[in-house]
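Heads up: the structure comes next, in structure tokens.
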Amino acid sequence: MSGRILILATVVFVFTEYTVYSQELTITEPVRFLALGDSYTIGASVSPSVRWPKQLFDSLTARGYQTESFEIIAQTGWRTDDLEQAIEYANLTENYNLVSLLIGVNNQYQGYSVDTYKPGFEDLLKKAVALAGGKTTRVFVLSIPDYAYTP
């Protein structure tokens, strides 16, 4: 198996200032991608072909990466505990070499505290790393908009 490095850059805007965070991902071929999350992951109002995880998978294919499988475990309205239950129910194997995690807006929207979100998110992140064969360089996290501060 060969591995290539992909630099994932995220730009975070706070009022007029911004910060750039980056993470190195090791893309091992063939790509077996698992996207974990909620409505932001599945694109609640868009067709499956334009969901961001599908666009990423298609983009990797178009850039010459050998791709093998793609799966989304996400649903509108899910909190961290809902996603954790869905992962358990799905009985997934640790066979993915690219895993994304985007979850939490519904914890906030449904009035759950940060005190319940933090341990739930940490557990999901550990599970994502386990599903990626224990390799942190195969997992990336996407942040959610913070509607307490962002219109």
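Just the heavy atoms: all of them, side chains too, but no hydrogens, waters or symmetry mates, feed the values below.
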Polar side-chain atom of R32 near backbone of N95 as donor-acceptor pair, under 3.5 Å: yes

Side-chain (D82) to main-chain (R79) donor-acceptor, under 3.5 angstrom: yes

Closest non-hydrogen atom pair between W78 and L83, with its separation: CZ3-CD1, 3.8 Å

Check: I42 main-chain N/O paired with R51 side-chain donor or acceptor under 3.5 Å: yes

CZ-OG1 distance between F57 and T61, expressed to the nearest 0.5 angstrom: 5.0 Å

Within residues 64-78 or reaching into it, pairs that qualify as salt bridge (Lys or Arg N to Asp or Glu O under 4.0 Å) - sequence neighbours excluded: none

Aromatic plane relationship, F70 with F33 - under 30° parallel, 30 to 60° tilted, over 60° perpendicular: tilted

Partners meeting side-chain contact (heavy atoms from CB on, under 4.5 Å) with S59 (sequence neighbours left out): R63

Donor-acceptor pair, side chain of N97 and main chain of P30, under 3.5 angstrom: yes

Separation between OG of S100 and CZ of R138, rounded to the nearest 0.5 Å: 15.0 Å

Gap between atom CD1 of I27 and atom CG of L98 - 0.5 Å precision: 4.5 Å

Taking every non-hydrogen atom, the tightest pair across I73 and A90: CD1-CB, 3.8 Å

